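When reading the values below, keep in mind they use all heavy atoms of this one structure, side chains included, and skip hydrogens, waters and symmetry mates. Quick caveat: nothing in here was measured; it's all calculated off a predicted structure. Quick note: residue numbers are just sequence positions, from 1.
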Amino acid sequence: GVNTNETIYFIRHAEAHPTSWWEDGNYYGAGQWRALDLPYALYGKIHPNLVYSIDPAQVTLGAESVNGSFHYSYVRTNTTVLPYAIANDLPYNLAASFELLAQNKLAIEAANFFFFGGQFTNQSVLVGWEHDHIAPTVNALLTAYKVGQPILAWPADDYDTVWTVKQRAEMALVRGALLPEGINSGALPATPPQF
C-alpha cells in the first residue's frame with residue numbers, strides 16, 4: 001500500500017499572528033501578499049499536478065478576548081495555496097478525513113493519507129499545511145519505514161521553506177533538500193492588498 005513515484009511539497013500557511021496572543025485561523029496582510037505571490041515565486045521550482053490543504057470546515061478554539069473565547073475555521077492553509085492552484089489550473093482538494101488538531105493521531109493519519117494507500121502514486125502534490133504538523137507527519141512516515149533520524153520542528157518564524165518528500169519505489173524514501181519560496185517576509189506590506 002505504499003505510494004510510489006510520489007512527490008509531496010509541504011509549504012506552511014502564509015504569515016499569521018499579527019500579535020503573539022492572537023489566533024483566528026486566518027493570515028494577515030503580509031500573508032495575503034505572500035499567497036498572491038506564491039504562483040510566481042514557485043514558478044519553475046516545483047511541478048505539482050494536485051493541490052491539497054486542510055479542511056476549513058474544522059472548527060477550533062481561538063484567541064480569548066474580554067468577551068471570552070471564540071471558535072474559528074482554520075482557513076489560512078487554504079487561502080495560501082488557492083492562488084497557486086488557480087494560477088496553474090490545478091485540481092484543489094481538501095484533506096478532510098482526519099482532524100487537524102488531533103495532535104497525537106494527526107501525524108499518523110496524515111502520513112497514512114499522503115504516503116500510503118496508492119491514491120498519490122505517480123502524483124506530485126503541493127500541500128498547504130500547519131507548520132506544527134509538517135515535521136510530525138514526515139517523522140511518522142520515517143517511523144513507518146523504520147529508517148532515518150527524526151527531522152526537527154519547523155521554525156516558528158519560517159514562512160518561506162518548501163519541504164520535499166519523494167517516494168520513488170516501494171520502501172524507498174528520499175527526503176529532498178529544503179527549497180526556499182524566495183519571498184522575504186520583511187519586504188511584504190503589513191496591510192492587505194486593496195482591490
Side-chain angles (χ1 to χ4, degrees), residues 1-14 31 34-56 74 76-98 100 105-155 158-183:
V2 175
N3 298 344
T4 58
N5 192 32
E6 172 191 29
T7 302
I8 301 284
Y9 303 103
F10 283 107
I11 64 168
R12 178 187 186 173
H13 58 73
R34 175 178 294 278
L36 292 173
D37 195 30
L38 198 62
Y40 307 103
L42 293 179
Y43 182 78
K45 293 181 181 178
I46 66 173
H47 304 284
N49 61 325
L50 298 169
V51 178
Y52 267 79
S53 69
I54 296 162
D55 181 3
Y74 198 89
R76 64 178 166 248
T77 59
N78 312 81
T79 53
T80 298
V81 296
L82 273 171
Y84 186 91
I86 292 167
N88 290 283
D89 196 26
L90 294 173
Y92 171 70
N93 302 279
L94 300 175
S97 61
F98 49 88
L100 167 66
K105 287 179 54 181
L106 173 71
I108 295 167
E109 290 182 10
N112 286 339
F113 182 83
F114 286 114
F115 300 113
F116 298 95
Q119 78 170 343
F120 296 116
T121 290
N122 298 318
Q123 302 294 325
S124 180
V125 187
L126 173 63
V127 178
W129 214 243
E130 159 57 45
H131 76 290
D132 284 338
H133 302 296
I134 295 171
T137 298
V138 176
N139 286 337
L141 174 65
L142 294 174
T143 299
Y145 276 121
K146 297 179 174 53
V147 296
Q149 296 295 317
I151 57 175
L152 301 176
W154 194 291
D158 180 2
Y159 290 93
D160 191 55
T161 299
V162 179
W163 284 18
T164 306
V165 178
K166 297 180 181 186
Q167 294 191 111
R168 288 294 171 238
E170 190 166 336
M171 299 308 286
L173 172 71
V174 177
R175 282 186 287 173
L178 301 181
L179 170 75
E181 291 175 10
I183 303 172

Handout entry: Short side-chain to backbone donor-acceptor contact, Asn93 and Tyr52, under 3.5 Å
Key = no
Exercise for the section: Output yes when a side-chain donor or acceptor of Asn3 lies under 3.5 Å from a complementary backbone atom of Gly118, and no otherwise. Expected result: yes
Problem - From CA spacing to verdict: side chain to side chain contact (heavy atoms under 4.5 Å, CB included), Tyr159, Ile183 - result: CA-CA 9 Å; Tyr159 290 93; Ile183 303 172; over 6 Å; no
Do [X] and [Y] have side-chain heavy atoms sitting under 4.5 Å apart?
{"X": "Thr137", "Y": "Phe115", "answer": "yes"}
{"X": "Gln119", "Y": "Phe114", "answer": "no"}
{"X": "Ser97", "Y": "Asp55", "answer": "no"}

For residues 78-88, run the donor-acceptor check on the side chains, cut-off 3.5 Å, and write out each pair with its distance to 0.1 Å, sequence neighbours left out.
residue : atom : partner : partner atom : Å
Asn78   : ND2  : Ser53   : OG           : 2.8
Asn78   : ND2  : Ile54   : O            : 2.8
Asn78   : ND2  : Tyr92   : OH           : 2.6
Thr79   : OG1  : Val75   : O            : 3.1
Thr80   : OG1  : Ala14   : N            : 2.9
Thr80   : OG1  : Arg76   : O            : 2.5
Asn88   : ND2  : Tyr84   : O            : 3.0

Exercise for the section: For a side chain to side chain contact (heavy atoms under 4.5 Å, CB included) with Gln167, tell me which candidate from Val2, Thr121, Ile8, Thr4 qualifies. Expected result: Val2
If every non-hydrogen atom of [X] is compared with every non-hydrogen atom of [Y], which pair is closest and at what distance?
{"X": "Ala110", "Y": "Trp129", "result": "CB-CZ2, 4.1 Å"}
{"X": "Phe10", "Y": "Trp154", "result": "O-CH2, 4.0 Å"}
{"X": "Ala135", "Y": "Ala153", "result": "CB-CA, 4.0 Å"}
{"X": "Thr161", "Y": "Asp158", "result": "OG1-OD2, 2.6 Å"}

Identify all side-chain donor-acceptor contacts of residues 39-49 below 3.5 Å with residues at least two apart in sequence or on another chain.
residue : atom : partner : partner atom : Å
Lys45   : NZ   : Ala41   : O            : 3.4
Lys45   : NZ   : Pro180  : O            : 3.1
Lys45   : NZ   : Glu181  : O            : 2.8
Asn49   : OD1  : Ser124  : N            : 2.8
Asn49   : ND2  : Gln123  : OE1          : 2.6

Practice task
Just jot down the side chain to side chain contact (heavy atoms under 4.5 Å, CB included) partners of Asn112, sequence neighbours excluded, or say none.
Solution key: Ile108, Phe116
Exercise for the section: Enter the distance from His13:NE2 to His131:NE2 here, rounded to the nearest 0.5 Å. Expected result: 6.0 Å
Handout entry: Reported OG1-to-CG distance for the pair Thr7 and Leu50, which is rounded to 0.5 angstrom
Key = 11.5 Å
Handout entry: Contacts of type salt bridge (charged side-chain N to carboxylate O under 4.0 Å, His left out), residue Asp37, not counting sequence neighbours
Key = none
Practice task
Quick one: list whatever passes ring pair (Phe, Tyr, Trp, His ring centres under 6.0 Å) with Tyr9, sequence neighbours left out.
Solution key: none
